Amino acid sequence: MYRRMKERLLQKYMIWVTAVSLIAVIVAGSSISGLAKSRGPESASYKCYTSIAIQKGDTLWSIAKEHMSPEHDRIEEYIKEVQRLNHLKDSSIYAGEYLTIPKYRSRNFKSLQQND
């Protein structure tokens with residue numbers, strides 16, 4: 001009878017050890033994947049600005065359609081930013097003038113590190 005109690009106790013102990021080990025592995029795995037994600041992407045985009053010459057027939061809408069990137073959610077958002085950057089009170093632009101517009105560029109950080 002003592003032997004049977006000892007075996008049951010040992011079984012319970014082994015179940016607990018297995019459960020705790022499994023939980024530890026899951027926690028460690030999620031921590032490692034979290035660290036990998038926190039390192040950031042291998043490439044990222046960054047905002048810069050460029051100047052363009054306004055051509056005859058250009059509108060803020062046509063310029064936005066040509067130069068807007070997915071980082072802007074809506075074309076209206078892009079146009080408002082162009083207006084703000086160029087201190088425009090309305091949407092009037094004229095051929096021969098220049099506009100500063102936002103652009104997003106990609107930078108591959110992995111290739112930059114290899115070149116260092």
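Everything quoted here is computed from the prediction, not taken from an experiment.
- A pairwise comparison of heavy atoms in Ala64 and Tyr78 identifies CB-CD2, 3.4 Å as the closest pair.
- Contact detail for Gln83 and Asp90: the closest heavy-atom pair is NE2-O, 3.2 Å.
- By the rule that hydrophobic residues join a cluster once side-chain heavy atoms approach within less than 4.5 Å of another member, Ile52 and Trp61 end up as members of one cluster.
- For the salt bridge (charged side-chain N to carboxylate O under 4.0 Å, His left out) condition, no pair includes a residue of residues 54-70, sequence neighbours left out.
- In this structure, Tyr94 stands alone, with no Ile, Leu, Val, Met, Phe, Trp or Tyr side-chain heavy atom under 4.5 Å from its own, directly or through other members.
- Between the OG atom of Ser62 and the NE2 atom of His67 there is a distance of 8.5 Å, given to the nearest 0.5 Å.
- Side-chain contact check for Lys103 versus Tyr49: every heavy-atom pair is 4.5 Å or farther apart.
- Considering CD of Glu81 and CE of Met68, their distance stands at 11.0 Å, rounded to 0.5 Å.
- Taking the side chain to side chain contact (heavy atoms under 4.5 Å, CB included) definition, one finds that Tyr104 meets it with Ser45, Lys47, Ser69, Glu71, His72, sequence neighbours left out.
- A 4.5 Å side-chain heavy-atom check between Tyr98 and Ile54 finds every atom pair outside the cut-off.
- With rounding to the nearest 0.5 Å, the separation of CG in Leu88 from NZ in Lys80 is 11.5 Å.
- Cluster membership for Ile75 and Leu85, using ILVMFWY side-chain heavy atoms within less than 4.5 angstrom, is not shared.
- The distance from the CG atom of Asn86 to the CG atom of Leu99 is 4.5 Å, given to the nearest 0.5 Å.
- In terms of heavy-atom proximity, Leu60 sits nearest to Ser91 at CD1-CA, 3.6 Å.
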